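All values reported here derive from a predicted model rather than from experimental measurement. FYI, the numbering just counts along the sequence from 1.
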Amino acid sequence: MNEIQDAYEKEFQALQQEAERRAGELQDEGKKLEKDAKAQFKVDLIVRWVDRKVVMNLPQITMKTTTVILDLPSVTMRLQELIFHTPSVRMVPKVVGRYPEFHGLKIVMRDIIVHVPEGFMEEQRIKMDLPEVRMERQELKFDYPDVSWGETEFVLRLPEVEVKDISFIIPINNEDVKRRGAELRERGEKIGAETRQKAEALAARMQADVITAGFAAARSEAETAGNTYAEYLTKVETTVADGVQKVDRTLAEHNLPAETVDALTKLKADIIGKGVEAKTALKSIGDILDTEKQDLAA
């Protein structure tokens with residue numbers, strides 16, 4: 001923006017120098033006319049510079065920062081020992097009756113023992129990699145352009161040529177002097193009008209260039225912010241998808257006890273829920289960027 005103003009400042013200076021040159025020539029011609037008229041003609045020209053205020057409605061583009069805090073699930077595999085009980089069957093001896101056994105005149109009763117199946121809960125111990133979730137808090141800062149319109153005032157220094165007095169001291173019938181006097185007045189007024197017109201056209205061109213450059217810079221900043229937003233959104237989606245995949249793979253590849261299956265199912269739901277929370281938090285940034293894009297497209 002400053003570069004544009006500096007460039008146009010040089011053009012305004014060139015316009016000022018040209019107007020000063022033309023006004024100087026006009027004054028010289030006026031002095032010559034007065035000399036030729038031999039005091040019968042008086043010319044009084046005033047050349048002065050006047051500050052004119054030009055108010056432009058320009059985009060006011062400022063960079064704003066917004067912060068989003070995300071709790072992202074980080075899923076890692078950790079070796080854990082699972083202890084659980086499964087129903088099993090074992091053979092145990094059981095007395096089902098007695099029978100007599102004769103030893104001479106002595107009778108001894110003996111147990112009839114058979115092995116029968118018996119159900120019991122058998123302890124199982126296995127070691128395996130199970131998914132474990134750790135929450136990582138991340139603070140994300142987004143810089144984005146905020147566009148508003150406001151009036152900006154410029155002061156242009158323009159020449160003003162005033163023909164204060166062109167008069168005959170004593171009436172004369174010199175038509176050439178009369179003609180030259182009228183032309184002098186006309187040219188003086190024309191110099192002022194042309195200079196003002198050129199300055200106003202220059203100011204309008206500068207306004208257009210400032211608006212164009214301002215919006216181009218803002219669009220570039222908005223694109224950068226949009227890319228950053230897309231990167232974080234992709235990171236959230238990738239993190240959640242990776243965690244869900246690890247849980248699903250563990251459930252599919254191992255015959256786990258019911259309580260472990262329930263725990264992993266809940267873990268999967270928690271991962272998905274945290275992903276939804278993170279994307280919801282990021283959506284506020286997306287809404288801001290969408291609004292700014294609409295303003296910049298206008």
Exercise for review: Can you measure from CZ (Arg22) to CZ (Arg187) and round to the nearest 0.5 angstrom?
Suggested key: 8.0 Å

Check your understanding: Any donor and acceptor pair, going by atom type alone, linking the side chain of Thr260 with main-chain N or O of Leu256 inside 3.5 Å?
Key -> no

Point to revise | Side chains of Glu18 and Lys198 in contact at under 4.5 Å (non-hydrogen atoms) | key: no

Exercise for review: Measure the spacing between CD of Glu101 and CE of Met109 and express it to the nearest 0.5 Å.
Suggested key: 10.0 Å

Point to revise | Salt bridge flag under 4.0 Å for residues Asp209 and Arg205 | key: no

Review point. When clusters are formed by joining ILVMFWY residues with side-chain heavy atoms under 4.5 Å apart, either directly or through shared neighbours, do Met91 and Val95 land in the same one?
Key: no

Exercise for review: Look up atom CG in Leu202 and atom CD in Glu11, then write down how far apart they are to the nearest 0.5 Å.
Suggested key: 5.0 Å

Study note, to complete from the structure: NZ of Lys283 to CG of Asp290, rounded to nearest 0.5 Å, is 8.5 Å

Review point. Which atom pair, heavy atoms only, marks the closest approach of Leu15 to Thr195?
Key: CD2-O, 3.9 Å

Review point. To the nearest 0.5 Å, how far apart are CD1 in Ile285 and OG1 in Thr67?
Key: 8.0 Å

Review point. If you draw a 6.0 Å radius around CZ in Arg137, do more than 12 non-hydrogen atoms from other residues or ligands fall strictly inside?
Key: no

Check your understanding: Okay, side chain of Ser284, backbone of Ala281: is any donor-acceptor separation there less than 3.5 Å?
Key -> yes

**Study point:** Same apolar cluster (I L V M F W Y, side chains within < 4.5 Å links), Ile113/Val92
**Key:** no

Listed pairs under 3.5 Å, donor-acceptor, residues 221-232 side chains, sequence neighbours left out:
residue : atom : partner : partner atom : Å
Thr224  : OG1  : Ser220  : O            : 3.1
Asn227  : ND2  : Glu223  : O            : 3.3
Thr228  : OG1  : Thr224  : O            : 3.1

Return all side-chain donor-acceptor pairs below 3.5 angstrom for residues 263-275, not counting sequence neighbours, or 'none' if the list is empty.
residue : atom : partner : partner atom : Å
Thr265  : OG1  : Val261  : O            : 2.8
Lys266  : NZ   : Asp270  : OD2          : 3.2
Lys268  : NZ   : Asp248  : OD1          : 3.0

Check your understanding: Val114 versus Val116: any side-chain heavy-atom pair under 4.5 Å?
Key -> yes

Check your understanding: How about Val247 and Gln245: do any of their side-chain heavy atoms sit closer than 4.5 Å?
Key -> no

Practice item. Decide, yes or no, whether a salt bridge links Glu237 with Lys279 under the criterion of side-chain N to carboxylate O below 4.0 Å. Key: yes

Review point. More than 12 heavy atoms of other residues, nucleotides or ligands under 6.0 Å from CD of Gln197: is that the case?
Key: no

